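Step one of this worksheet: look at the structure below.
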Amino acid sequence: MTIRPATSADVEAITTIYNHAVQHTTASWDLEPVTTASRLAWFEEKLGEGWPVLVAEVDGAVVGWSTIGPFRPKDGYQYTVEHSVYVAEGQRGLGLGRALVEPLIEECRRRGVHAIVGGLDAANEASLAFHRRLGFVESGRLPQVGRKFDRWLDLVFTVLVLD
Ligand SMILES: CC(C)(COP(=O)(O)OP(=O)(O)OC[C@H]1O[C@@H](n2cnc3c(N)ncnc32)[C@H](O)[C@@H]1OP(=O)(O)O)[C@@H](O)C(=O)NCCC(=O)NCCS
């Protein structure tokens with residue numbers, strides 16, 4: 001397994017992994033698949049704003065990605081970021097998610113970030129367990145603030161406060 005910064009050549013794989021979660025799960029609350037072109041714009045914006053995007057590669061194939069970005073736009077939130085992590089189905093439970101998020105946590109420390117937020121679907125047991133294992137603490141549940149697949153979804157915020 002290699003964890004490395006993503007390049008534009010990885011965007012198609014990033015899009016495929018993301019769209020699988022969009023179409024089959026409530027891990028993302030996007031309702032429609034995104035296009036590679038829109039993800040390329042997203043990627044360029046991330047890089048332009050100085051945010052890291054990492055990919056995990058196994059046997060030459062990109063099988064996961066992670067990133068951080070702003071939590072909320074007002075200046076008072078400048079020491080807080082929100083992260084995303086997606087591992088391809090079939091590659092989960094092998095340590096890739098941890099390997100994708102731990103370097104982001106280290107990067108946050110280097111940048112003086114104070115808190116990292118994850119916003120999760122309350123029914124996403126794997127993600128809840130994953131974040132708990134990485135030291136994130138469940139810090140709020142917002143009932144029925146999302147809707148997908150004809151049902152209401154609860155949002156859970158998990159937070160890792162850095163020393
Ligand atoms: C959540 C997700 C990123 C976890 O990635 P992963 O590669 O499967 O996780 P890892 O193998 O690195 O596991 C890291 C830790 O979390 C725990 N964990 C991961 N999945 C778990 C599960 N389903 N149940 C219980 N614990 C779990 C592992 O036991 C491991 O603990 P340890 O390292 O202390 O031994 C992955 O399941 C995923 O991509 N899911 C779909 C997309 C998603 O939900 N993204 C998050 C949106 S907020």
Side-chain angles (χ1 to χ4, degrees), residues 1-6 10-36 38-39 42-43 46 51-72 77 80-109 113 115-149 151-163:
M1 173 213 316
T2 308
I3 306 294
R4 59 168 175 80
D10 300 316
V11 169
E12 194 164 348
I14 289 173
T15 307
T16 302
I17 294 164
Y18 182 65
N19 278 342
H20 188 276
V22 170
Q23 288 175 291
H24 301 285
T25 77
T26 52
S28 161
W29 291 4
D30 265 337
L31 302 181
E32 300 294 335
V34 298
T35 61
T36 304
S38 76
R39 275 278 119 166
W42 165 91
F43 177 69
K46 282 269 175 200
W51 298 110
V53 180
L54 302 180
V55 289
E57 207 177 289
V58 172
D59 297 332
V62 169
V63 295
W65 60 272
S66 63
T67 191
I68 51 173
F71 173 55
R72 299 185 78 182
Y77 291 109
T80 299
V81 299
E82 184 163 2
H83 72 288
S84 304
V85 55
Y86 286 82
V87 174
E89 207 183 23
Q91 298 285 341
R92 296 178 191 151
L94 303 173
L96 289 167
R98 182 183 276 280
L100 280 162
V101 171
E102 282 183 340
L104 292 181
I105 297 172
E106 285 318 305
E107 179 61 22
C108 284
R109 288 188 199 281
V113 167
I116 308 175
V117 177
L120 325 178
D121 172 25
N124 189 346
E125 294 293 342
S127 187
L128 286 168
F130 171 78
H131 283 90
R132 236 176 271 128
R133 294 296 295 166
L134 268 76
F136 286 74
V137 176
E138 184 179 323
S139 306
R141 282 190 176 231
L142 282 63
Q144 300 186 21
V145 295
R147 190 167 178 85
K148 187 169 179 180
F149 302 146
R151 60 178 192 271
W152 297 111
L153 306 177
D154 298 350
L155 178 66
V156 172
F157 281 123
T158 61
V159 182
L160 180 66
V161 176
L162 303 175
D163 302 329

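For ligands, and for the atoms within them, numbers begin at 1 and follow the listed sequence. For the numbers below, each heavy atom of this structure counts, side chains included, while hydrogens, waters and symmetry mates do not. Predicted model, so just to flag it, every value in this text is computed and none were measured.
Interface of Leu120 with ligand 1, defined as ligand atoms under 4.0 Å from a residue heavy atom, comprises 48 (S). Taking every non-hydrogen atom of Val87 and a distance limit under 4.0 Å, the qualifying atoms of ligand 1 come out as 5 (O), 7 (O), 38 (C), 39 (O). Ligand-side atoms of ligand 1 in range of Ala27: 42 (C), 43 (C), 44 (O), range being under 4.0 angstrom from any heavy atom.
A donor-acceptor distance shorter than 3.5 angstrom exists from the side chain of Asn19 to the backbone of Val34, with no hydrogens or angles considered. When atom types are taken as modelled, the side chain of Ser66 and the backbone of Leu100 share a donor-acceptor pair closer than 3.5 angstrom. Here the side chain of Lys148 pairs a donor or acceptor atom with the backbone of Ser28 at under 3.5 angstrom. A side-chain donor-acceptor contact under 3.5 Å links His83 to the backbone of Val117.
Under the 4.0 angstrom criterion, atom 29 (O) of ligand 1 counts as lacking any protein heavy-atom contact.
Any N or O atom pair closer than 3.5 Å counts here, and Ser127 shares no such pair with ligand 1. Residue-to-ligand polar distances place Gly95 within reach of ligand 1: an N/O pair is separated by less than 3.5 Å. The shortest N or O to N or O distance between His131 and ligand 1 is not below 3.5 Å. Considering both main-chain and side-chain atoms, Gly93 comes within under 3.5 Å of ligand 1 through a nitrogen or oxygen pair.
What sits closest to atom 5 (O) of ligand 1 on the protein, heavy atoms only, is Gly97 CA, 3.6 Å. Among protein heavy atoms, atom 21 (C) of ligand 1 sits closest to Ala126 O, 4.0 Å. Of the protein's non-hydrogen atoms, Arg133 CG, 3.7 Å is the one closest to atom 17 (C) of ligand 1. Counting protein heavy atoms only, atom 27 (C) of ligand 1 is closest to Ala129 CB, 3.9 Å. Of all protein heavy atoms, the one closest to atom 45 (N) of ligand 1 is Val85 O, 2.8 Å.
Within 6.0 Å of the CZ atom in Arg147, the count of heavy atoms belonging to other residues, nucleotides or ligands exceeds 12.
Under the 30°/60° scheme for interplanar angles, the aromatic rings of His131 and Phe136 are found to stand perpendicular.
At a heavy-atom distance under 4.0 Å, only side-chain atoms of Asn124, from C-beta outward, approach ligand 1. Contact annotation: for Ala21 versus ligand 1, there are no heavy atoms closer than 4.0 Å.
For atom 32 (P) of ligand 1, the choice among Arg92, Arg98, Glu125, His20 with the nearest heavy atom turns out to be Arg98. Here the shortest heavy-atom distance to atom 13 (O) of ligand 1, taken over Tyr18, Tyr86, Trp65, Phe130, belongs to Phe130.
The two residues Val55 and Ala6 have their closest heavy-atom pair at CG1-CB, 3.8 Å.
Arg4 is listed as a side-chain neighbour of Asp10, based on a closest heavy-atom distance under 4.5 Å. The closest side-chain heavy-atom distance from Ile17 to Val62 is below 4.5 Å. Taking 4.5 Å as the limit, some side-chain heavy atom of Gln144 sits within range of a side-chain heavy atom of Asp154.
One finds the CG atom of Leu104 at 11.5 Å from the CG atom of Leu160 (value rounded to the nearest 0.5 Å).
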